[in-house]
Chemist: 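Pasting a structure here, questions to come.
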2 protein chains.
Amino acid sequence: MSEHSPVKDISTEVSFSEYEAKFKALADKKRLHILHLLSQQNSCCVCDLSELIDMPQSKLSYHLKILLDAKLIIKETRGTWSYYMINEAELNHLLSPELCCIFKPSRC
Amino acid sequence: MSEHSPVKDISTEVSFSEYEAKFKALADKKRLHILHLLSQQNSCCVCDLSELIDMPQSKLSYHLKILLDAKLIIKETRGTWSYYMINEAELNHLLSPELCCIFKPSRC
DNA sequence: CCCTTTCATCAAATTATTTTGATATATTAA
DNA sequence: TTAATATATCAAAATAATTTGATGAAAGGG
């Protein structure tokens with residue numbers, strides 16, 4: 001690695017950690033399914049999603065938190081309801097245009 | 001999910017499994033580092049990579065296998081040496097152009 | 001043939017992630 | 001106020017992924 005400056009190495013390190021978290025969030029069939037469902041509605045509350053995906057609420061909340069922490073989805077609270085929606089800008093930054101049909105709301 | 005045909009559901013299922021494996025392979029700092037290093041050489045053998053990344057050979061082989069199984073890298077055997085290189089087509093299909101500077105050989 | 005190098009694979013130990021069921025908080029409705 | 005609903009979080013159990021050190025196979029050199 002002799003041709004790299006320390007500064008570049010540090011910033012690359014930081015990127016690796018950041019992307020690790022985002023790819024980790026994507027690295028699960030159930031979460032890909034959640035993203036797919038969210039991409040088909042404008043926004044969706046936990047209880048509706050729980051029925052759609054046939055998953056107990058605590059399990060779903062666990063997975064939503066992982067997606068939220070990775071900033072792949074956005075949360076909006078109204079009363080006791082939590083509405084989740086796709087963070088399209090973030091997915092655009094991360095994924096190829098070819099993947100948009102599966103994981104992003106705006107169709108190809 | 002009433003508005004979807006079974007066929008579409010099945011193919012989406014298949015996609016989810018396929019992408020799960022690929023994102024799982026990307027979901028690790030060490031493997032991102034390996035991809036980054038490979039993207040800076042045309043190809044690299046395990047022993048050289050092991051020194052570059054300062055990682056014991058068996059551990060490195062474990063991670064290379066995960067990347068190889070996900071088809072994110074390509075392996076070429078010559079004698080006792082195994083040379084690994086980035087599978088650029090696959091990464092292009094998967095990742096956004098913005099990520100190319102970090103994980104793909106051809107610079108932006 | 002024997003020795004060395006390169007690499008893959010294995011089993012055991014360790015560590016991380018996920019699932020489950022229970023509980024807690026906040027909001028709304030009666 | 002009481003009851004019901006929506007959601008988050010917790011701790012324990014269950015699963016899955018990673019690390020480690022050892023072993024073995026294949027190739028090449030002397």
Side-chain angles (χ1 to χ4, degrees), chain A residues 16-38 41-86, chain B residues 13 16-38 41-87:
Chain A
F16 289 165
S17 292
E18 180 194 335
Y19 289 120
E20 179 186 55
K22 288 181 194 297
F23 288 131
K24 229 168 221 165
L26 289 169
D28 183 283
K29 242 195 295 195
K30 291 165 238 81
R31 292 193 290 266
L32 292 177
H33 190 186
I34 291 169
L35 287 177
H36 180 61
L37 288 174
L38 286 180
Q41 352 260 137
N42 277 5
S43 96
C44 194
C45 69
V46 178
C47 58
D48 288 354
L49 203 51
S50 177
E51 292 213 335
L52 272 176
I53 205 179
D54 189 31
M55 187 183 280
Q57 177 268 319
S58 74
K59 189 172 171 177
L60 179 56
S61 284
Y62 168 78
H63 287 292
L64 286 171
K65 181 161 172 31
I66 287 173
L67 290 168
L68 186 66
D69 288 348
K71 300 198 169 76
L72 301 182
I73 60 177
I74 294 165
K75 171 175 162 177
E76 204 177 286
T77 303
R78 289 204 287 281
T80 36
W81 281 266
S82 289
Y83 292 92
Y84 287 92
M85 65 206 81
I86 288 279
Chain B
E13 267 292 309
F16 289 165
S17 292
E18 181 194 334
Y19 289 120
E20 179 186 54
K22 289 182 195 294
F23 289 131
K24 229 168 220 167
L26 289 170
D28 183 283
K29 241 195 295 194
K30 291 166 239 79
R31 293 194 288 268
L32 292 178
H33 191 187
I34 291 169
L35 288 177
H36 180 61
L37 287 174
L38 286 180
Q41 352 261 137
N42 277 5
S43 98
C44 195
C45 68
V46 178
C47 58
D48 287 354
L49 202 52
S50 178
E51 291 213 334
L52 271 176
I53 206 180
D54 190 31
M55 188 183 278
Q57 176 267 318
S58 75
K59 189 172 171 179
L60 178 57
S61 283
Y62 168 78
H63 287 293
L64 286 170
K65 183 162 170 31
I66 287 173
L67 290 168
L68 186 66
D69 289 348
K71 299 200 168 78
L72 301 183
I73 59 176
I74 294 165
K75 171 176 162 177
E76 204 176 285
T77 303
R78 289 204 289 280
T80 36
W81 281 266
S82 289
Y83 293 91
Y84 286 91
M85 66 206 82
I86 289 280
N87 184 349

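In what follows, every chain begins at residue 1, and chains take the letters A, B, ... in the order their sequences are listed.
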Chemist: Just to be sure I understand the geometry, which residues of residues 72-83 of chain B put a non-hydrogen atom under 4.0 Å away from DNA chain D?
Modeler: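 Within this stretch, B:G79, B:T80 sit under 4.0 Å of the strand.
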
Chemist: Run the side-chain contact (heavy atoms from CB on, under 4.5 Å) test against A:S43 and tell me which residues pass, sequence neighbours left out.
Modeler: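 Checked A:S43 against side-chain contact (heavy atoms from CB on, under 4.5 Å); matches are A:Y83, A:M85.
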
Chemist: Do the non-hydrogen side-chain atoms of A:L32 and A:H36 ever get within less than 4.5 Å of each other?
Modeler: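 Sidechains of A:H36 and A:L32: no contact.
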
Chemist: Below 3.5 Å, can you tabulate the donor-acceptor pairs from side chains in residues 66-76 of chain B to any protein atom, sequence neighbours excluded?
Modeler:
unit_1	atom_1	unit_2	atom_2	d
B:D69	OD1	B:K65	NZ	3.4
B:D69	OD2	B:K65	NZ	3.1
B:E76	OE2	B:R78	NH1	2.6

Chemist: Tell me: CG of B:D28 to P of C:dT15, nearest whole Å?
Modeler: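 Taking CG of B:D28 and P of C:dT15, I get 16 Å after rounding.
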
Chemist: Under the side chain to side chain donor-acceptor pair (under 3.5 Å) rule, collect the residues that match up with B:N87, sequence neighbours excluded.
Modeler: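 Result, side chain to side chain donor-acceptor pair (under 3.5 Å) vs B:N87: none returned.
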
Chemist: If I take atom CE in residue B:M55 and atom C1' in nucleotide C:dT6, what distance separates them, rounded to the nearest angstrom?
Modeler: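 The distance from CE of B:M55 to C1' of C:dT6 comes to 18 Å, rounded to the nearest Å.
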
Chemist: Rounded off to whole Å, could you give me the NZ-to-P distance for the A:K30 and C:dT20 pair?
Modeler: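 Distance, rounded to whole Å: 10 Å.
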
Chemist: Could you list by number each residue of residues 61-70 of chain A showing a heavy-atom separation from DNA chain C of less than 4.0 Å, or answer none if no residue does?
Modeler: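 Under 4.0 Å from DNA chain C: A:Y62, A:H63, A:I66.
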
Chemist: Drop me the distance from A:R31's CZ to A:L64's CG, to the nearest 0.5 angstrom.
Modeler: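 Interatomic distance, A:R31 CZ to A:L64 CG, rounded to 0.5 Å: 10.5 Å.
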
Chemist: Mind checking which nucleotides bracket the chain A contacts on DNA chain D, 5' to 3', with an atom under 4.0 Å from a heavy atom?
Modeler: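 Contact span on the strand: D:dA6 to D:dT9.
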
Chemist: Report the residues that fulfil side chain to side chain donor-acceptor pair (under 3.5 Å) with B:K24, sequence neighbours left out, ordered by chain and then residue number.
Modeler: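 For B:K24, no residue satisfies side chain to side chain donor-acceptor pair (under 3.5 Å) once neighbours in sequence are set aside.
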
Chemist: Nearest 0.5 angstrom please: A:L60 CG to A:Y84 OH, how far?
Modeler: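 The distance works out to 8.0 Å.
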
Chemist: Measuring from B:L26:CG to B:Y19:OH, what's the distance to the nearest 0.5 Å?
Modeler: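 Atom-to-atom, B:L26:CG and B:Y19:OH are 12.5 Å apart.
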
Chemist: Can you measure from OG (A:S17) to NZ (A:K22) and round to the nearest 0.5 angstrom?
Modeler: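 Result: 12.0 Å between the selected atoms.
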
Chemist: Report all side-chain donor-acceptor pairs from residues 46-56 of chain B shorter than 3.5 Å, counting only partners two or more places apart or in another chain.
Modeler:
unit_1	atom_1	unit_2	atom_2	d
B:S50	OG	B:M55	O	2.6

Chemist: Test of understanding: with side chain to side chain donor-acceptor pair (under 3.5 Å), list the residues that count as partners of B:S61, not counting sequence neighbours.
Modeler: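 Result, side chain to side chain donor-acceptor pair (under 3.5 Å) vs B:S61: B:Q57.
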
Chemist: According to side chain to side chain donor-acceptor pair (under 3.5 Å), who are the partners of A:K59, at least two apart in sequence or on a separate chain?
Modeler: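 Listed in chain order: nothing, the list is empty.
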
Chemist: Show the distances under 3.5 angstrom between N or O atoms of the protein and N or O atoms of nucleotides 21-25 of chain C.
Modeler:
unit_1	atom_1	unit_2	atom_2	d
C:dG21	O6	A:S58	OG	3.4

